[in-house]
Student: 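My structure is below; once you've seen it, I'll send some questions.
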Amino acid sequence: MSFLITDSDTPLMPETLPALKLTHFSGEPARGCVYSYLRCYLCGGSLSFSLTVFDGEPRDTARIGLALSLDDDARRYLFLSCSPHRGDSLQLYENDAPAQPLILAPLQHTSGGDEQGLYWAVQGELPAELFLRVFGRIPKSGCLMPGNVYLYDEAEAAFGCAFPADGERTVPCRSGFGSFLAVPY
């Protein structure tokens, strides 16, 4: 089943969007099965996103990542990797290997606590121009996008993801991609 992404004509508040929770774990992460999720929407072909991790004291090597493609076979995809300590990166992957680093606008990092516990979060946007340059088109209503969300630690093999992934693979890997479906608001 696809995760639905709202395609809106106007900006939306992330808190009003559905959350794609990371519920599948490959191996046993050292910090356990940490509750995390993605919220996102499209506006004018740009993907606005919020990634939240409920780990109040993440290790220096902790990361959350979003892989997303506009190609049906997902041979080429974007991989956004974020850390509360060591910076963020955006790469173009081809056949599950880094092919080209891409320029990433600064992301907004926050931390805090709520009824779920202590968290760290990252908000930002993947602009329409990036999708157009990499894939030759922008995401819009009706677009089916292969991808996945990963919670991982650079110092261990275990990881969590939103869609089940082959445990013998590394992060990211297209073999575990599910689908995101853009729907009109």
Side-chain angles (χ1 to χ4, degrees), residues 1-5 7 17-42 47 49-55 58-59 61-83 86-102 104 107 122 124 126 130-140 142-183:
M1 181 162 175
S2 297
F3 180 72
L4 304 180
I5 297 177
D7 185 3
L17 302 169
L20 177 60
K21 298 173 185 158
L22 283 69
T23 56
H24 304 280
F25 289 85
S26 176
E28 185 66 36
R31 303 276 299 167
C33 300
V34 174
Y35 179 55
S36 351
Y37 58 82
L38 162 74
R39 289 184 174 170
C40 62
Y41 70 95
L42 292 171
L47 180 80
F49 64 87
S50 173
L51 294 158
T52 304
V53 180
F54 283 87
D55 186 354
R59 296 176 3 174
T61 50
R63 299 192 79 76
I64 189 164
L66 169 63
L68 195 62
S69 180
L70 293 185
D71 291 340
D72 292 339
D73 65 0
R75 185 184 64 74
R76 292 177 321 123
Y77 56 90
L78 301 173
F79 184 59
L80 170 69
S81 180
C82 304
S83 167
R86 297 176 61 196
D88 309 313
S89 66
L90 180 63
Q91 292 260 344
L92 174 63
Y93 271 63
E94 289 189 24
N95 298 318
D96 287 334
Q100 177 185 358
L102 299 168
L104 178 64
L107 304 178
V122 180
L126 298 178
L130 171 68
F131 289 105
L132 189 59
R133 189 172 71 249
V134 172
F135 300 108
R137 61 190 176 109
I138 61 172
K140 60 183 179 178
C143 182
L144 193 64
M145 300 170 280
N148 208 341
V149 184
Y150 303 94
L151 180 63
Y152 64 105
D153 191 306
E154 295 172 319
E156 63 181 82
F159 61 91
C161 48
F163 299 106
D166 181 353
E168 300 300 315
R169 301 289 184 152
T170 58
V171 171
C173 61
R174 67 184 181 175
S175 70
F177 280 7
S179 61
F180 297 85
L181 176 61
V183 295

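Because only heavy atoms are used, hydrogens play no part in the values below, and waters and symmetry mates are left out as well, while side chains stay in.
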Student: Return the set of residues passing ring pair (Phe, Tyr, Trp, His ring centres under 6.0 Å) with F131 (not counting sequence neighbours), or none when no residue passes.
Tutor: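 Counting only residues at least two positions away or on another chain, F131 forms no ring pair (Phe, Tyr, Trp, His ring centres under 6.0 Å).
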Student: Using every non-hydrogen atom in the two residues, find where Y37 and K21 come nearest and quote the distance to one decimal.
Tutor: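 Residues Y37 and K21, closest heavy atoms: CB-CA, 4.0 Å.
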Student: In chain order, what residues pass the salt bridge (Lys or Arg N to Asp or Glu O under 4.0 Å) check against D7, with sequence neighbours excluded?
Tutor: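 Listed in chain order: nothing, the list is empty.
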Student: Among residues at least two apart in sequence or on other chains, which ones pass side chain to side chain contact (heavy atoms under 4.5 Å, CB included) with P164?
Tutor: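 P164 satisfies side chain to side chain contact (heavy atoms under 4.5 Å, CB included) with H24 once adjacent residues are dropped.
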Student: Tell me whether N148 contacts the main-chain N or O of R174 through its side chain, where contact means a donor paired with an acceptor under 3.5 Å.
Tutor: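 Here the side-chain-to-backbone pair does not exist.
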Student: Please name all residues satisfying ring pair (Phe, Tyr, Trp, His ring centres under 6.0 Å) with F163, sequence neighbours left out, ordered by chain then number.
Tutor: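 Checked F163 against ring pair (Phe, Tyr, Trp, His ring centres under 6.0 Å); matches are F180.
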Student: Say whether, by atom type as modelled, one donor and one acceptor occur between the side chain of D88 and the main chain of S83 under 3.5 angstrom.
Tutor: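 Pair found, side chain donor or acceptor close to backbone of S83.
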Student: Just wondering, do N95 and R75 contact through their side chains at under 4.5 Å, heavy atoms?
Tutor: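 Sidechains of N95 and R75: in contact.
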Student: How would you list, by chain and number, every residue that makes a ring pair (Phe, Tyr, Trp, His ring centres under 6.0 Å) with F135, sequence neighbours excluded?
Tutor: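 Per chain and number, F135 pairs via ring pair (Phe, Tyr, Trp, His ring centres under 6.0 Å) with no residue.
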Student: Would you give the length of the straight line joining atom CZ of F54 to atom CG of L151, rounded to the nearest 0.5 angstrom?
Tutor: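 With rounding to 0.5 Å, CZ (F54) is 12.5 Å from CG (L151).
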Student: Report yes if the side chains of V183 and I5 come closer than 4.5 Å at any heavy-atom pair, otherwise no.
Tutor: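 Counting from C-beta outward, V183 and I5 never come under 4.5 Å.
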Student: For the residue pair M145 and P139, establish whether any side-chain heavy-atom pair is separated by less than 4.5 Å.
Tutor: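 Counting from C-beta outward, M145 and P139 do come under 4.5 Å.
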Student: With sequence neighbours excluded, tell me which residues meet side chain to side chain contact (heavy atoms under 4.5 Å, CB included) with R137.
Tutor: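 With neighbours one apart ignored, the set is L70, C143.
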Student: Which heavy-atom pair separates A165 from F159 by the least distance, and what is that distance?
Tutor: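 So the two residues come closest at CB-CE1, 4.0 Å.
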Student: Is any side-chain heavy atom of S69 less than 4.5 Å from a side-chain heavy atom of L78?
Tutor: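 Sidechains of L78 and S69: no contact.
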Student: Quick one: does S89's side chain get under 4.5 Å of S81's, heavy atoms only?
Tutor: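 They are in side-chain contact.
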Student: Decide if atom CG of D73 counts as having more than 12 heavy atoms of other residues, nucleotides or ligands within a radius under 6.0 Å.
Tutor: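 Buried by this count: over 12 neighbours within 6.0 Å.
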Student: So which heavy atom on L144 is nearest to which on S179, and how close?
Tutor: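 The answer is CD1-CB, 3.7 Å.
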Student: Name all residues meeting the side chain to side chain contact (heavy atoms under 4.5 Å, CB included) criterion together with A67; count only those two or more places apart in sequence or in a different chain, and write none if there are none.
Tutor: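 Side chain to side chain contact (heavy atoms under 4.5 Å, CB included) check on A67 returns Y77, F79, Y150, P172, F177.
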Student: How long is the span from the OG atom in S50 to the OH atom in Y41, to the nearest 0.5 Å?
Tutor: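 Between S50 OG and Y41 OH, I get 10.5 Å after rounding to 0.5 Å.
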Student: On a heavy-atom basis, which atom in C40 and which in L17 lie closest, and how many Å separate them?
Tutor: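 Taking every non-hydrogen atom into account, O-CD1, 3.6 Å.
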Student: Please identify each residue that fulfils salt bridge (Lys or Arg N to Asp or Glu O under 4.0 Å) with R39, with sequence neighbours left out.
Tutor: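 Salt bridge (Lys or Arg N to Asp or Glu O under 4.0 Å) check on R39 returns nothing, list empty.
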Student: Can you name the nearest heavy-atom pair linking L104 to L80, along with the distance?
Tutor: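 Heavy atoms only, the tightest pair is CD2-CD1, 3.6 Å.
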Student: Would you please name every residue forming a salt bridge (Lys or Arg N to Asp or Glu O under 4.0 Å) with R76, sequence neighbours left out?
Tutor: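 Testing R76 for salt bridge (Lys or Arg N to Asp or Glu O under 4.0 Å), a comparison that skips the adjacent residues, returns D71.
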Student: Quick one: salt bridge (Lys or Arg N to Asp or Glu O under 4.0 Å) partners of E154, sequence neighbours excluded?
Tutor: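 For E154, the residues satisfying salt bridge (Lys or Arg N to Asp or Glu O under 4.0 Å) (neighbours in sequence not counted) are R63, R86.
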Student: Checking E156 now: which residues fulfil side chain to side chain contact (heavy atoms under 4.5 Å, CB included) with it, not counting sequence neighbours?
Tutor: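 Side chain to side chain contact (heavy atoms under 4.5 Å, CB included) list for E156, sorted by chain: P29, A30, R59, D153, A158.
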Student: Do the side chains of L90 and L126 get nearer than 4.5 Å, heavy atoms only?
Tutor: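 Sidechains of L90 and L126: in contact.
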Student: Taking ring pair (Phe, Tyr, Trp, His ring centres under 6.0 Å) as the definition, give me every residue that meets it alongside Y152, ordered by chain and number, with sequence neighbours left out.
Tutor: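 For Y152, no residue satisfies ring pair (Phe, Tyr, Trp, His ring centres under 6.0 Å) once neighbours in sequence are set aside.
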Student: Identify the heavy atoms of S36 and I64 that sit nearest to each other, and give their distance.
Tutor: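 That would be CB-CD1, 4.2 Å.
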Student: Taking side chain as C-beta onward, heavy atoms only, is L66 less than 4.5 Å from L47?
Tutor: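 Contact flag for L66/L47 side chains = yes.
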